[in-house]
There are 2 protein chains.
Amino acid sequence: MPSQTRSRTSAADDSRDPRERILLAAGREFAERGYEAATVRDICTAAGANVAAVNYYFGDKQRLYIESVKHAHEARLRQVPQPEWAPGTPAAQKLRDFVGSMLDRMLGGDQPPWQVRLMMRELLQPTEACRELVEDYIRPHFGILLGVLDELTGSALPGSEVRRLGLSIIGQCFLYRAAGDVVAMLVPAGEIDAYHTPQAIADHVTRFTLAAIGAAEPFARPGLGTVSALESPR
Amino acid sequence: MPSQTRSRTSAADDSRDPRERILLAAGREFAERGYEAATVRDICTAAGANVAAVNYYFGDKQRLYIESVKHAHEARLRQVPQPEWAPGTPAAQKLRDFVGSMLDRMLGGDQPPWQVRLMMRELLQPTEACRELVEDYIRPHFGILLGVLDELTGSALPGSEVRRLGLSIIGQCFLYRAAGDVVAMLVPAGEIDAYHTPQAIADHVTRFTLAAIGAAEPFARPGLGTVSALESPR
DNA sequence: AATCGATTCAAACGAGCGTTTGAATCCGTC
DNA sequence: GACGGATTCAAACGCTCGTTTGAATCGATT
């Protein structure tokens, strides 16, 4: 008899280890449908394994979920390492690199988006796997960003302020990942391809941030005042 | 026999109309657990109604879901109308008002957060109810923001640029709503209450945006250059 | 070739789900 | 007070889910 009807999903599925195959299929399924809606039957079918394999290898569905989140997270870390900067790299360049790689990681087409989608679910509605994800993955990245911002502002700002700057940057990128469908509804049809690619967004976010910090020219020089103070023209 | 064991949830539940009660309970349940995990039995128990009431009034679970999303959306529109500005109000003031009311709507404690949470689910993983939500609720608000930004920049920027500015502002606020739990993990414990209240965030986002546009002082005046320039230490 | 633990399998179990049913109850109308 | 439609109810139906079971199969070791 044939070993199994495989070749159900992508090419990476003929991994020798069935445990690995199930983890992959589970990640995809959980990412696409969510924890409740995903069924172990569908996962096992996609992995070319028997229904009982989940319980044999992972105990139960919940542990499979946690393992698949970790697995996707580790795969992502391997795929997109943080950029290394030569000493003397301008801080503005570092910021552009950081934002660009973050957006690539979130939206980039060179890797399947389901891994990020799975992690996104965790961030939006934290379960058990979330804290681990934050400590291992998010916080170190956030720390790098804070370092760049601190350098960029000449260490003139208190930590709390730098953190808020960092969150402002992440928020701008995050919107495209989390609510990309809605963004696509809000801007004219042809504009997405021209002005909302990862590259274009990275340029915009970097320029926006540099201008706010005072390390680049502002977007406009309107004659309209602030709330109470007045601005000094060039 | 007693009419029913009510008083299960909040005070607004003794609405005379059972249909209304079910809609309210369904909104809360769907917001908290998601569509799949929420059960009509729990919803009906919370609403003080019989299980069959859902099918009697709404046909099936999916139609109940769509109705509850619409219901939450309409209630929100009634609760938080867009601020009106007297003629001559400075654009910077309008921006602050807009951001503040958006954050209040998203995070504010004066109204139950489950309505926004329910709508958030729709934005993140659009279903049938999403397009309607965008057209009726999101797009008009976005239009107001674009108007303020256009005024703020003296109509000097093309529409595509203004839209990206608008998305940058929304993204900064959106992060706190969608990933608030993670934000709380990333900043020191005591800092949330001091620097990440709706008021404080609104001030920060407004200042950040005004600085980027050139309508306020930048956050720092570092000697650090842009990408091509070089930085000079303090 | 026999052995034995590891793995795979088809089949079934029990629970919980959304939904249906048909009778009971309510309530305005005549 | 009898009628009749609207509403409520307890009970059950059919289905799918996660999980379990016990036998069949595999593969290295003796």
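Keep in mind it's a predicted model, so treat the numbers as computed, not measured.
- Among pairs with a residue in residues 176-189 of chain A, those fulfilling side-chain hydrogen bond (donor to acceptor under 3.5 Å, both in side chains) read A:Y176-A:H196, at least two apart in sequence or across chains.
- OP1 and OP2 of D:dT7 both lie 4.0 Å or more from every side-chain N or O belonging to B:N50.
- Look at CZ on A:R19: it is 12 Å from P on C:dT8, rounded to the nearest Å.
- Taking a 6.0 Å sphere around CD of A:E36, one finds it holds more than 12 heavy atoms contributed by other residues, nucleotides or ligands.
- The CD1 atom of B:I22 sits 11 Å away from the C1' atom of D:dT8 (whole-angstrom rounding).
- Taking atom OH of residue B:Y56 and atom P of nucleotide C:dT21, one finds them 15 Å apart after rounding to whole Å.
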Below 3.5 Å is the cut-off: list the nitrogen or oxygen pairs between protein and nucleotides 15-18 of chain D, distance only.
unit_1, atom_1, unit_2, atom_2, d
D:dG18, OP1, A:A38, O, 3.2
D:dG18, OP1, A:K61, NZ, 2.8
D:dG18, OP2, A:V40, N, 3.0
D:dG18, N7, A:R41, NH1, 2.6
D:dG18, O6, A:R41, NH2, 2.8

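- Rounding to whole angstrom units, CZ of residue B:F58 and C1' of C:dG18 are separated by 15 Å.
- Qualifying side chain to side chain donor-acceptor pair (under 3.5 Å) partners for B:H204, counting only residues two or more places apart in sequence or in other chains: A:S168.
- Evaluation of the side chain to side chain donor-acceptor pair (under 3.5 Å) rule for A:E161 yields A:R164, B:R207 as partners, not counting sequence neighbours.
- Residue-level contact check: B:A52 touches the bases, meaning some heavy atom is under 4.0 Å from a base atom.
- With sequence neighbours left out, B:Y65 forms a side chain to side chain donor-acceptor pair (under 3.5 Å) with B:E122.
- For B:R63, the side chain to side chain donor-acceptor pair (under 3.5 Å) partners two or more places apart in sequence, or in a different chain, are B:D60.
- Distances shown here put a side-chain N or O of A:Y57 below 4.0 Å from the OP1 or OP2 atom of C:dT8.
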